[in-house]
**Q** 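The structure that follows is given in the form of structure tokens.
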Amino acid sequence: NDPHQECQHVSYFIAAIIIMRIDEWLPRLASAYSQLVRVAQRALWPFADLAARLWLAQRFFALGMGQLMDPNGSAPTMGAAIAVASAVSLAGGLLTRPAVLSMCAWVILGQIAPPSLDERLYWIALLSWYFVAGPGPISIDRLLQRGLAASALPGAARAAAAGEWLARSIGPLYQLI
């Protein structure tokens, strides 16, 4: 009797048992994994969203302030002032969609010189996500959302409904991309 051959037979036997029992343990494993992902998403997503917003806001704030405080004496641009205001708005999560729309336009129009094209494309993807998905769970917009939808402010209910429609209808399609 060859010990190598016996070991191979044992391996085949174990593999056969695993294959025969796969229909019992695979659904349980998939269910446990799915539940773990849901719990992690609920617990970690708000903080990951906030971190991404703060990172983007910091980048735009620094670039806008750099242009506003240019020591070479060139006149500050309106775009730089809008970038700074939009960065502050994005950091707090106030008027998120208009803020990211103006920031995205600033990037697309090429008003930012330092970062590479790859970084600009990454910014456009993140900013577009915030336009589609709207404010994250940790934002001033989220705190005001319920009251704004029921307020007497002209257009507020329509804006809230449009934002919800955008997140509900376009958000899943954007996630597929």
Side-chain angles (χ1 to χ4, degrees), residues 22 24-66 79-112 114-151 153 155-177:
I22 198 167
E24 293 176 13
W25 60 267
L26 190 60
R28 283 189 242 157
L29 181 64
S31 175
Y33 175 76
S34 176
Q35 188 174 6
L36 178 67
V37 167
R38 275 191 303 257
V39 167
Q41 187 176 18
R42 285 186 188 136
L44 300 177
W45 172 248
F47 300 105
D49 177 71
L50 179 62
R53 266 196 359 248
L54 291 175
W55 177 78
L56 272 172
Q58 182 274 331
R59 294 290 291 157
F60 276 84
F61 186 82
L63 288 169
M65 287 302 289
I82 291 172
V84 169
S86 296
V88 171
S89 179
L90 179 63
L94 178 64
L95 298 172
T96 304
R97 284 189 171 101
V100 298
L101 193 59
S102 67
M103 293 166 91
C104 201
W106 200 52
V107 173
I108 290 171
L109 293 175
Q111 296 296 318
I112 306 171
S116 66
L117 179 61
D118 290 344
E119 189 173 0
R120 289 182 192 194
L121 294 174
Y122 182 66
W123 288 354
I124 290 170
L126 275 176
L127 292 169
S128 299
W129 167 250
Y130 282 113
F131 182 75
V132 169
I138 303 174
S139 67
I140 297 172
D141 282 347
R142 189 59 58 117
L143 290 173
L144 300 175
Q145 193 171 18
R146 287 188 190 124
L148 189 61
S151 76
L153 190 63
R158 280 191 184 152
E164 288 177 24
W165 176 86
L166 193 61
R168 187 179 60 252
S169 302
I170 307 299
L173 295 174
Y174 192 90
Q175 286 178 329
L176 287 175
I177 297 174

**Q** On a heavy-atom basis, which atom in A167 and which in A133 lie closest, and how many Å separate them?
**A** CB-O, 3.8 Å
**Q** Which atoms form the tightest heavy-atom contact between W106 and A83, and what is the distance?
**A** CZ3-CB, 3.4 Å
**Q** Taking V132's backbone N and O only, do any of them form a donor-acceptor pair with R97's side chain (distance below 3.5 Å, no angle check)?
**A** yes
**Q** Check S86 against S102 and note the closest heavy-atom contact, atom names and distance.
**A** OG-OG, 2.6 Å
**Q** Mind checking salt bridge (charged side-chain N to carboxylate O under 4.0 Å, His left out) for D141 and listing every partner two or more places apart, or none if nothing turns up?
**A** none
**Q** When you measure from the side chain of R53 to the backbone N and O of L90, does any donor-acceptor pair fall under 3.5 Å?
**A** yes
**Q** Which value, rounded to the nearest 0.5 Å, describes the distance between L54 atom CG and L56 atom CG?
**A** 9.5 Å
**Q** Verify the neighbour count for atom CD of Q35: are there more than 12 heavy atoms of other residues, nucleotides or ligands below 6.0 Å?
**A** no
**Q** I'd like to know if the side chain of S169 and the backbone of L166 have a donor-acceptor N/O pair within less than 3.5 Å.
**A** no
**Q** What's the spacing between L95 CG and L101 CG if we round to 0.5 Å?
**A** 12.0 Å
**Q** In terms of the angle between their ring planes, are W123 and F60 parallel, tilted or perpendicular, with boundaries placed at 30° and 60°?
**A** tilted
**Q** What's the separation between atom CH2 in W45 and atom CD1 in I138, rounded to the nearest 0.5 Å?
**A** 11.0 Å
**Q** Is the shortest side-chain heavy-atom distance between V37 and Y33 below 4.5 Å?
**A** yes
**Q** Without swapping roles, check the side chain of S128 against the backbone of I124 for a donor-acceptor pair under 3.5 Å.
**A** yes
**Q** Do Y130 and D49 make a side-chain contact, defined as non-hydrogen atoms from C-beta onward lying under 4.5 Å apart?
**A** yes
